[in-house]
Amino acid sequence: MRKEPTWRIPVGLLGLLLGLTIYGLVIARYAPDLIGDWPTLVQTVIYIVLGLVWLLPLRRFLIWMETGRRD
């Protein structure tokens, strides 16, 4: 366990918030135009997938915030 704070945690949190905001705005702007005429069930599945996709790189990002390594 580290004793002193590191710059990676606040920078990482700000980066995560910025990235998720941009991702959400892009999805909210372009997804309805692309899939708006599709059946509701298909749209629901797509929005669920898009809502979970951002979790894929999160593990590596959190490891970097804590340790500074990219593994």
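The analysis underlying the following values was restricted to heavy atoms, covering all of them including side chains, and did not include hydrogens, waters or symmetry mates.
The 12-atom threshold is exceeded at CG of Asp33, counting heavy atoms of other residues, nucleotides or ligands nearer than 6.0 Å.
Linking ILVMFWY residues whenever their side-chain heavy atoms come closer than 4.5 Å, directly or via other members, leaves Val45 and Tyr30 in distinct clusters. Neither Leu34 nor Leu25 shares a network with the other; the hydrophobic side chains, linked directly or stepwise wherever heavy atoms of I, L, V, M, F, W or Y lie under 4.5 Å apart, form separate groups for each. The cluster map of Ile, Leu, Val, Met, Phe, Trp and Tyr, joined by side-chain heavy atoms under 4.5 Å apart, puts Ile48 and Ile46 in the same cluster. Hydrophobic clustering keeps Ile63 apart from Trp54 (ILVMFWY residues linked when any side-chain heavy atoms are closer than 4.5 Å, directly or through intermediates).
Closest heavy-atom contact between Glu66 and Arg8: O-NH2, 3.6 Å. Of all non-hydrogen atoms in Tyr47 and Ala31, the two that sit nearest each other are OH-CB, 3.7 Å.
One finds the CD1 atom of Ile22 at 12.5 Å from the CD1 atom of Ile27 (value rounded to the nearest 0.5 Å). With values rounded to the nearest 0.5 angstrom, Ile35 atom CD1 is found 7.0 Å from Leu50 atom CG. One distance of note links CG of Leu20 with CG of Leu58; it measures 8.0 Å at 0.5 Å rounding. Going from atom CG of Leu18 over to atom OH of Tyr23 covers 15.0 Å, rounded to the nearest 0.5 Å.
The closest side-chain heavy-atom distance from Val49 to Val53 is below 4.5 Å. At a threshold of 4.5 Å between non-hydrogen side-chain atoms, the residues Val11 and Met65 do not count as touching.
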Please evaluate residues Leu17 and Leu13 with respect to the criterion side chain to side chain contact (heavy atoms under 4.5 Å, CB included), reporting the C-alpha separation (whole Å), side-chain torsions for both, the decisive distance (0.1 Å), and the verdict. CA-CA 6 Å; Leu17 286 174; Leu13 286 175; 5.5 Å; no

